[in-house]
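Working notes, beginning with the structure itself.
In the text below, chain A, chain B and the rest are named by the order of the sequence lines, each starting its count at 1. Computation of the quantities below employed the complete heavy-atom set of this structure, encompassing side-chain atoms and omitting hydrogens, waters and symmetry-equivalent molecules. Just so you know, these numbers come straight off a predicted model, no measurement behind them.
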Amino acid sequence: MRMSRLFGTTLRHDPADAELVSHRLLLRAGLVRAIAAGIYCYLPLAYRSMRRIEEIIRQEMNAIDGQEVLLPVVHPAELWKESGRWFSVGPELVRFEDRGGRDMVLAMTHEEPVTDLLRREVSSYRQLPLLVYQFQVKFRDEPRSRGGLVRVREFTMKDGYSAHTDFEDLDRFYPYVRQAYENAFRRCGLDVVVVDADPGMMGGTASHEFMVLSEAGEDTLIHCQGCGYAANAEAARFAKGDPVGGDPLPLEEVATPGMKTIQQLADFLGVPTRQTAKAVFYVDQDGGIIFAVIRGDLDVNEVKLGNALRATELRPATDAELEAAGIAAGYASPIGVKGVKVVVDDSLVGAANLVAGANRAGFHYRNANFPRDFRADLVTDIALARQGDTCSVCGGELADQRGIELGHIFKLGTKYSQAMGATYLDPDGQEKPIVMGCYGIGIGRLMAAAIEQHNDDKGIIWPPAIAPCQVHVVGLNLDRAEIAEAAESVYESLGKRWEVLYDERSEQSAGVKFNDADLLGLPVRVTVSARSLKAGGAEVKARWAAASEVVPLERLEEAVEAALASWPGPQ
RNA sequence: CGGGGUGUGGCGCAGUUGGUUAGCGCGCAGCGUUUGGGACGCUGAAGUCGGAGGUUCGAGUCCUCUCACCCCGACCA
């Protein structure tokens, strides 16, 4: 490809509204342009990289017997009503009517059409297991897109769906997908960590996320240095330690004027925060008030709480709502409450003589004991893991880090097959629901993460495997015919083996060309100039290397090969 | 949805207490000189000042409404 003909221009200045490194570089290098918030046009160089990423993923999916399909972007709402998500998913699902007044949706994911296909095509256990996948556009009307390609509303995803006779077969197959994902990310030049995750709106029994560690990430990971346990903070487990013991004492009301925080309260009464019970309130999708009770030194994990309640929506309650329910904010008590759903964190089981609210402004109870003094609709783990907490696996200390979620794999189970009637006949002639898994990777986000992970102050440093082109030939002094000829023949000969971008622009200075080359960040730069020819050939430089070498033209190919092979990142 | 911010040629920005014909750098076009780290000269094209309404003799500038985008939060496979 000739640089003079390349569609897309490099920007000399940083765009004013790009904060993330990857966003800045994607714009400056002329790779993408925004057309609306979270909606991007992908220019030739970006699309080349995305196709390379897709090809790597395609190979890994095919290697585990995946079959590529293409499912529609517009679905009839009926399918989403059948699965229930028409009702459970919020405004991020774009709904519209076609001209006939029929409800339609823009695909934000493809479980529904896949399950519909499965119920039509699969009738026998003999057809299972199977894996289908696609590269297709999704649209999610996120309330807030940000960070360039890291979080967008419209994006291309590789999504895959497996179908099995039973959970055992899904369990058997799942690790192959995980391995395929690890292979794919590594081949794309990325270091990822695999973490336990929350299945969220997808439902299902287990899921794992593939994360690139980055301060630009929106997810918090919790991981243990000791044993390698790693999880999204939304799902992370930890050891809460033994409860404060002792013989239960009689309940006793004490005046605690002005004590608004747990810390103040604990100091005032001379007890550790872990001997208090903290009350936190939420409102669910039906307007019902949820009363979450947790040990005073811990915080509520809203995701865990929502999952435990099977709530589709959960938000903190307002003071007005609490008042209307007869709850004294700041002094709320699980003791004697009525008409609310009480969820107790398991940290309170066996804890003796806690300080809890008295549901009267300015008063608390001492010596509250569960379940002696208050009931619970649900007792479970609803605690948020934090840096410094104790690993539940090995007892080590947990640390937190930020990450960008590139892939997510789920054991869906029968959520969709059951809801939509996707069944098969087993060898005994029994009708059974298909057991499903689903597996996603964001293509554009992967590309952005690669840039986020591989760059310097001059520009992008593409991992060779996903670079738009591997070689950037820079021609200088091209007004001299013999040099132009040499550069042209280098372009042609290297082009037989690699994708080559040839900077043959005549009106640009050497400085502009070198700076553009660094900005675009193709892995190997080959400079053909009066100086290089005089020195005996062409100058070869890897983008990540400080040094360059002049190589005789007849040995260029092996030099480029060696430079590509010197890539220091994963491959 | 809450908080904050920004909208002026393609990009980055300036524009005073309201006052002629709205500027600067980069980029772009033409001509010439240039080519190893963002060259130089000359000439030139390109702007409904985000939009609507209002105040005023006069609005890029003041007022009202509105739209878009960015950042923080809420939210989120």
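Taking the six-membered ring where the residue is Trp, A:Tyr439 and A:Tyr174 present tilted rings, their angle falling between 30° and 60°. Using the six-membered ring where Trp is involved, A:Phe410 and A:His408 have ring planes that are parallel, under 30° apart on the 30 and 60° scheme.
Comparing the P positions of B:G41 and B:C49 gives a spacing of 32 Å, expressed to the nearest Å. Comparing B:G18 with B:U64, their P atoms are spaced 16 Å from each other, to the whole Å. Using P as the reference atom, B:U61 and B:G7 are 13 Å apart when rounded to the nearest Å. Separating the P atom of B:A45 from that of B:G30 is a span of 15 Å, rounded to the nearest Å. Only the C1' atoms considered, B:G25 is 36 Å distant from B:C65, to the nearest whole Å. Nucleotides B:G9 and B:G50, compared at atom C1', are 14 Å apart to the nearest Å. Comparing the C1' positions of B:A46 and B:A29 gives a spacing of 10 Å, expressed to the nearest Å. Separation of the P atoms belonging to B:C31 and B:U20 is 38 Å when rounded to the nearest angstrom.
Contacts of A:Glu234 with the nucleic acid, taken as non-hydrogen atoms under 4.0 Å apart, are absent.
Within the structure, salt bridge (charged side-chain N to carboxylate O under 4.0 Å, His left out) pairs that include any residue of residues 527-540 of chain A comprise A:Arg525-A:Glu539 (at least two apart or interchain). Applying the salt bridge (charged side-chain N to carboxylate O under 4.0 Å, His left out) definition to pairs two or more places apart or across chains, those involving residues 28-43 of chain A are A:Asp14-A:Arg28.
Listed here is the closest heavy atom pair of A:Val152 and A:Gly38: CB-O, 3.3 Å.
The distance between atom CD of A:Glu215 and atom P of B:C72, rounded to the nearest whole Å, is 13 Å. For A:Asp219 and B:C75, the CG to P distance is 13 Å, given to the nearest whole Å. Rounded to an integer number of Å, the gap from A:Leu20 CG to B:C71 P is 8 Å. The distance between atom CG of A:Asp17 and atom P of B:C11, rounded to the nearest whole Å, is 10 Å. Atom CZ in A:Arg24 sits roughly 16 Å away from atom C1' in B:C71 (whole-Å rounding). Rounding to whole angstrom units, CD of residue A:Glu218 and C1' of B:A74 are separated by 13 Å. The distance from atom CG of A:Asp14 to atom C1' of B:U6 is 17 Å, rounded to the nearest whole Å. Rounded to an integer number of Å, the gap from A:His13 NE2 to B:C13 P is 9 Å.
Residues A:Val300 and A:Tyr282 form a side-chain contact, since some pair of their non-hydrogen atoms from C-beta on lies under 4.5 Å apart. Residues A:Met436 and A:Leu118 form a side-chain contact, since some pair of their non-hydrogen atoms from C-beta on lies under 4.5 Å apart.
Remark: the A:Arg151 side chain and the B:C76 base include a donor-acceptor N/O pair separated by less than 3.5 Å.
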What string of B, S and - do you get for nucleotides 32-38 of chain B, 5' to 3', if B is base contact, S is sugar-phosphate-only contact and - is no contact with any protein heavy atom under 4.0 Å?
-> --BBBBB

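Under the ring pair (Phe, Tyr, Trp, His ring centres under 6.0 Å) criterion, A:Phe281 pairs with A:Phe291, not counting sequence neighbours. Applying the salt bridge (charged side-chain N to carboxylate O under 4.0 Å, His left out) test to A:Lys513 and every residue at least two apart in sequence or in another chain returns nothing.
The strand RNA chain B forms stems, runs of 3 or more Watson-Crick or G-U wobble pairs with distances below 3.5 Å, at B:1-7 with B:67-73, B:10-13 with B:23-26, B:28-33 with B:39-44, B:50-54 with B:62-66.
Checking B:G12, B:C76, B:A74 against the side-chain heavy atoms of A:Glu142 singles out B:C76 as nearest.
Toward the 5′ end of RNA chain B lies the nearest nucleotide of A:Gly147, the other residue of the pair A:Arg445 and A:Gly147 mapping further downstream.
Of the residues A:His110, A:Arg153, A:Glu154, the one that meets the side chain to side chain contact (heavy atoms under 4.5 Å, CB included) test with A:Lys138 is A:His110.
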